[in-house]
Amino acid sequence: MHKSNYSNPLQKQCLSLPDLCDDQIRGSVDGVMNAIPVEVMQKIRKIILTGCGDSYMAAHAVIPAFKKYARIFGTEFEAMRCIDVSRCLYLDDQNASATLVVAISASGAPARISEALLRAKHFGAHTMAVTNNPESGAGKSAEYVLFVGTPDFPDPNPGLRNYYASLVSLMLFAARLGEVKGISPLRSVNALSQQIREYTRSFSAALPDMDESMFRLAQHWQCFDGFDMLGDDTDHSTASFIAAKFVEVSGVMCAVCDMENWCHVEFFKSNPTETGTVIVCRSRGADLSRVKETIHQAQCIGRPILLITDSDEDFALSTSSSLCKIPSPPPGFEFLAPILNYVPGALLASYYSALNEIAYFRGGGVWAEANTIRTSRIVNA
Amino acid sequence: MFDQNNPKDNPLCNQVFSLPGMIEEQVRICFSQEQLENILPIQDCFDIRKIILTGCGDSLAAAGNMVPVLTEFCDVMSCRAIDPITFTRFMEKTDIGIGEPNSPLVLSISAGGETARVLEVLKKASELGAFPLVITGNPESSCANAAKKAFIMKTPKMQNDFPGLRSYLANMVGIVAIAARLGLVRGVLEPETPEMWSQSVIDYVKSYAPHLESISDAMFHLAEKWKSFTRFDFIADCVSSNSALFAQEKFYEVTGSLGCAGDSEDFCHINYFVRDPETVGTVFFAYRDQPTYSRIKETIRSCVTLGRPVLVITDEEDDFGDGVTRVVIPKTPEGYTWLRPLMDFCPVALLAGYISELGERRYFHSFFPHTYERDPESLFFAPGTLTLKESKIEYIL
Amino acid sequence: MIYRKTIRTQFKGCPSITKEVMDCLAESGVQNGYCCVMIPDSTAALAITSFWDKRGLEDLTDELARNIPTRVSYRNQTSPYDASGHVKASLLSSSAMLPVKDGELVLGSSQGLVYMEFDGPRTRDFLVMINSAE
Amino acid sequence: MYTNKLSVHTVYMGMHDLTESILREVKASGIQSGICHISMLHSTAGLLICDKDENAKTDIMCDIERAIPTRVDFKHRETASDAGGHIKTALTGSQISLIIDHGSLILGPDQAVVFAEFDGPRPRNVIVTVYADS
């Protein structure tokens, strides 16, 4: 069985990330610098980040970057589901003008994204679309646009490069916000760009092995009909992203959970030996002891595990479990992990799809026609 | 094994039918003036600026369901339900509070009182100088001892109440009582409100009694069609997402199925694409008073078009079109929509119970639902496997 | 004769109940005797005072609150308004006895019966007893 | 039932002892056993049962004034002593009921029925009503 026969768009996107890095940073920095006037940025005290599907996960994953660069007393950074922003958000006059609502959408096309931006505007908040298409609905609905400038790719779906672009752009935006508000040192954007470059480069050496081992694991897991993705905090965003890629490229159903609740609930799923269990954790994660306990609990019932981590700790993995060791983010920049730690999971998803010969997004037809992402009615605030 | 002559004899069904009968006693316990004054003295009530609710599994859903009540009636700056591992391992001091005494109120739920992670929450809250309060059935437990105060539920006992629907309802009633206490003391609520609330809780739960039989029949018929399904989607928005979460958890516990809980928008971006849609049981919570109602209706139509089997739980005689099984639950009285989650899990709980019966599945993958005997072969409860109580206590400050 | 009357009070409200009591007297037909008004609650009081100026009654609630602050440290823990209300109520009075002469309550021109609510809003009862004594 | 009106000429913040006049009214009623009800018909004065000693009475008035100072910023816009007087009235009460046995009021040896003037000087009225046991 030759890996090359199963090469596929998602896998190619994964492997393209190191090459994308420089272009993307250039695009993002350019976008960040031109997005919002300095005097507006200086007034921002609260940021609400939103997005649909995996963009919501991006919103969640960049919060630590905002806290690192731009947090002082009285600031607040929060990820909110797009449906909640578009239908349930309320801001009073006093707070609205210091609030920035950021909607993330590479295509800028979903109805809900435009609706969220319009609602935020209605309450007097500043709004920004993070998009690769300034002419889109999102671009037109927002007061400001952070144009991420991601270069084209032959097979761009499902949008893995876009996810990378959103994360990189938002983290750089956080650094920029810290700079202009005087909370972080000048040149923080440059310093962060350098770290992103290094972290991404460190993956480039590790990618061939990762690609190989995920191809092998996909063969073992090929017949599984359900997966659990586990992670805490921003690793939960990564776990969710991996789950979303699995669904998009293969249609297999995945549950996403944090370590603790998994031990209480998802643990009890039937067919434990045929339920692939992907765990994402970090060497500096405060949940390490719980991760080990969770692995133990899962292995006791015969769950096959893929552990994605940069940690050297002994997790007492059994023979039916696999470890995918990934590079560590640069010290002091642990918050960068979500820009890349999904890669092994995404590779696994891509091969699972390829080996089972399943069409991405179920191959159009009714699947394309029945979906209402773009056609959903926009409700005015 | 399943008894065709008495399809309603299963723990979930028996519990659902017992709820109207237990509610009066539970409300009396929760609204006990003596207990409320003890756990929330006036001075402490005024110290509270924010509220954080936590709990594991369905306790977190119970907490989330009651967030709107605490937010609206207690005059606090914010109220959020946060999963316990995020609270203990990832939230820093500055994420939680600014060091004022007795704030935030950290309200944790652990029925047995020995859940390690909840104990961890209480210890961390204690060390931060916040106000750790536990809702528990066990006054002697580790959690009761670690908390500043313990709110004891004393839920009326019933045979075979596992997995617990009665305790789930009890926990929500407990939070309502706390909201009433805080609201009254802080001058938001009128002196007569706690009594009106306790009566409205009783009335609403009892309003299900005449409908349970027909809801149960409908769920039984649906279970006959859905009994072989092993994948379920639960879709709900706003506060109802907690009922969806609860449903997903019960389906894991009693049917061993893979389940996802999502909102009406994000579902369209991800789980919409799950393959073999005709065998994914898809349950919606659709309420017209929710601002997302129009989106939910669109998503329901999408699912029908895909060929998904759809159940809609609603309190409206609204038309969701062909191909939808609709179950109508009692309406909440004007101004009391917060009562809805106290009971809107009933249809899904019945459905889960019947699917488990008809599909001959085991509870927690190990217990036979009638005898409660554990399958000796099951690895799930083998000694040393479960880590819920033994998990290491560790937290960051 | 004993009459039970119901009123809906506002938060810290102080409505005049003189008219209601006079109505009871008219209904009783008593010409000479006495009228006893009583409040069966412990966080409300009955005051005989000037009721013409609403602001004067606000002064009264202000001064009571200044003297008996709604503290958080009461031993009674029901609610702060309830606790301070008990003290206020015991300083004031819960009943009043008024002579009845020629079918009229004996009251001065500036006097009125004022229901002092120290908690509220609530639905409250008060009792009016009218006896003839010729 | 016996009733009579007494006139009191008050001084500003005066504590006027009415005990003797009331005893006279009771005697005049001829009632041996019953209730004596004393009420005053104003809203800036009070009726008290207190010590008959002059210094004690002065202390009481001083403490009433300390609790409800005659301040200038009441909401009720009349004179300050009028506005303050309404509040003092509500606190002290406007009426007293006493038991009559063997043709005499039951009062302690040091007790006095005192008309407390919170405004004044003014001509004031006090109504004494005596009810016989039925």
Side-chain angles (χ1 to χ4, degrees), chain A residues 52-54 56 71 73 81-84 86-88 110 112 225-226 232-233 243-244 247-248 250-256 258-261 263-272 275 285-287 289-290 293-294 296-297 300-302 358 361-362 366-367 369-373 376-377 379, chain B residues 56-57 60 83-86 89-90 94-95 98 117 230-231 237-238 248-249 252-253 255-260 263-266 268-276 280 290-292 294-295 298-299 301-302 305-307 361 364-365 379-380 382 384-388 390-392 394-396:
Chain A
C52 296
D54 51 26
Y56 170 69
R71 171 149 85 177
F73 186 82
R81 293 193 174 275
C82 200
I83 190 84
D84 291 339
S86 61
R87 298 287 167 95
C88 308
R112 206 59 51 237
D225 196 31
D232 292 327
D233 194 47
V247 177
E248 288 165 355
S250 77
V252 71
M253 199 163 178
C254 302
V256 186
D258 66 73
M259 301 299 150
E260 185 62 31
N261 281 313
C263 291
H264 290 255
V265 179
E266 280 81 352
F267 169 74
F268 293 106
K269 185 185 172 298
S270 53
N271 291 330
T275 304
D287 60 339
S289 66
R290 192 61 180 133
E293 292 162 354
T294 305
H296 162 79
Q297 191 174 320
C300 280
I301 54 169
I358 308 170
F361 301 100
R362 311 299 72 71
V366 67
W367 296 93
E369 285 156 26
N371 206 311
T372 50
I373 294 171
S376 173
R377 193 164 64 88
V379 174
Chain B
C56 295
L60 189 61
D83 70 81
I85 200 152
T86 299
R89 307 292 180 98
F90 294 94
T94 38
D95 295 320
I98 59 170
R117 200 85 314 97
T230 55
R231 297 172 302 157
D237 296 328
C238 311
Q248 175 229 14
E249 291 170 349
Y252 268 102
E253 291 169 357
T255 76
S257 304
L258 180 56
C260 292
D263 70 59
S264 62
E265 178 66 27
D266 279 358
C268 296
H269 295 254
I270 304 172
N271 267 24
Y272 170 90
F273 295 104
V274 166
R275 67 194 183 202
D276 306 323
V280 184
Q290 294 185 338
T292 64
S294 67
R295 183 57 172 141
E298 289 173 349
T299 307
R301 291 322 304 163
S302 288
T305 309
L306 282 183
R361 306 185 198 190
F364 298 95
H365 212 273
L379 296 170
F380 284 64
T385 300
L386 287 170
T387 57
L388 310 182
E390 288 75 21
S391 174
K392 188 176 170 198
E394 209 177 26
Y395 47 86
I396 60 149

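Chain A is the first sequence line, chain B the second, and so forth, proteins listed ahead of strands; every chain is numbered from 1.
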- Task: Indicate the atoms forming the closest heavy-atom contact of B/Pro291 with A/Arg87, along with that distance.
- Result: O-NH1, 3.1 Å
- Query: For the residue pair B/Tyr252 and A/Phe268, is the inter-centroid distance of their aromatic rings smaller than 6.0 Å?
  - Reply: no
- Message: Under 4.5 Å from any heavy atom of chain B, what part of A/Val256 do you find: side chain, backbone, both or neither?
- Response: neither
- Salt bridge check: are B/Arg89 and A/Asp232 linked by an N-O gap of less than 4.0 Å? no
- Message: For B/Thr230, which atoms come within 4.5 Å of any heavy atom of chain A: side chain, backbone, both, or neither?
- Response: neither
- Minimal heavy-atom distance between B/Ile270 and A/Asp54, with the atoms involved, is CD1-N, 4.4 Å
- Query: Between B/Glu253 and A/His264, is a side-chain contact (heavy atoms from CB on, under 4.5 Å) present by the stated rule, with each step listed?
  - Reply: CA-CA 9 Å; B/Glu253 291 169 357; A/His264 290 255; over 6 Å; no
- Might you work through the side-chain contact (heavy atoms from CB on, under 4.5 Å) test for A/Glu293 and B/Lys392, ending with a clear yes or no? CA-CA 9 Å; A/Glu293 292 162 354; B/Lys392 188 176 170 198; 3.4 Å; yes
- Max heavy-atom pair count under 4.5 Å with chain A, selected residue of B/Ser257, B/Gly384, B/Gly256: B/Gly256
- Item | When B/Pro84, B/Gly259, B/Cys260 are compared by non-hydrogen pairs under 4.5 Å with chain A, the top option | B/Cys260
- Message: Is it true that A/Thr372 and B/Arg301 share a donor-acceptor pair across their side chains at a distance under 3.5 Å?
- Response: no
- Message: For chain A, which candidate among B/Asp276, B/Thr305, B/Leu388 shows the most heavy-atom pairs at distances under 4.5 Å?
- Response: B/Leu388
- Message: Which atoms of A/Tyr56 are under 4.5 Å from chain B, going by heavy atoms: the side chain, the backbone, both sets, or neither?
- Response: side chain
- Message: As an exercise, state the distance from CD of B/Glu265 to CG of A/Asp84, rounded to the nearest 0.5 Å.
- Response: 11.0 Å
- Could you have a look at A/Val366, A/Asn261, A/Ile373, A/Val379 and say which one has the most heavy-atom pairs with chain B under 4.5 angstrom? A/Ile373
- Query: For A/Asn371, is it the side chain, the backbone, both or neither that has a heavy atom under 4.5 Å from a heavy atom of chain B?
  - Reply: both
- Task: Assess the side chains of A/Arg112 and B/Thr292: does a donor N or O sit below 3.5 Å from an acceptor N or O?
- Result: no
- Query: Taking the side chain from A/Gln297 and the backbone from B/Thr387, do they hold a donor-acceptor pair closer than 3.5 Å?
  - Reply: yes
- Message: As an exercise: rank B/Asn271, B/Val274, B/Leu379, B/Thr94 by heavy-atom pairs under 4.5 Å with chain A and give me the winner.
- Response: B/Val274
- If the plane angle is over 60° it's perpendicular, under 30° parallel, otherwise tilted; pick one for B/Tyr272 and A/Trp367. perpendicular
- Message: Go through it in stages, so that I can follow the logic: the residues are A/Ser289 and B/Glu394, the test is side-chain hydrogen bond (donor to acceptor under 3.5 Å, both in side chains), and I'd like the CA-CA distance, side-chain angles, deciding distance and then a yes or no.
- Response: CA-CA 8 Å; A/Ser289 66; B/Glu394 209 177 26; 2.6 Å; yes
- Is there a side-chain contact between A/Arg377 and B/Ser294 (heavy atoms, below 4.5 Å)? yes
- Could you give the distance from SG (A/Cys82) to NE2 (B/His269), rounded to the nearest 0.5 Å? 7.0 Å
- Message: Below 4.5 Å, heavy-atom pairs only: which of A/Gly226, A/Ser86, A/Ser250 has the largest tally toward chain B?
- Response: A/Ser250
- When the 4.5 angstrom heavy-atom criterion is applied to B/Leu386 and chain A, the contacting part is both
- Nearest 0.5 Å please: distance from the CG atom of B/Leu60 over to the CG atom of A/Asp258. 8.5 Å
- Item | Contact winner vs chain A - B/Cys268, B/Gly57, B/Ser264, heavy-atom pairs under 4.5 Å | B/Cys268
- Do side-chain atoms of B/Asp266 reach the backbone of A/Cys52 as a donor and acceptor pair under 3.5 angstrom? no
- For A/Glu260 and B/Asp83, indicate whether the former's side chain and the latter's backbone hold a donor-acceptor pair under 3.5 Å. no
- Query: Once you round to the nearest 0.5 Å, how far does SG of A/Cys263 lie from CZ of B/Arg117?
  - Reply: 8.5 Å
- Note on the structure: From the list B/Thr86, B/Val280, B/Asp263, the residue making the most non-hydrogen contacts under 4.5 Å with chain A is B/Asp263
- Task: Please flag which part of B/Asp237 lies under 4.5 Å from any non-hydrogen atom of chain A: side chain, backbone, both or neither.
- Result: side chain
- Residue among A/Arg71, A/Glu369, A/Arg290, A/Arg362 with most heavy-atom pairs under 4.5 Å to chain B: A/Arg290
- At a heavy-atom separation under 4.5 Å, does A/Phe267 approach chain B through its side chain, its backbone, both, or neither? both
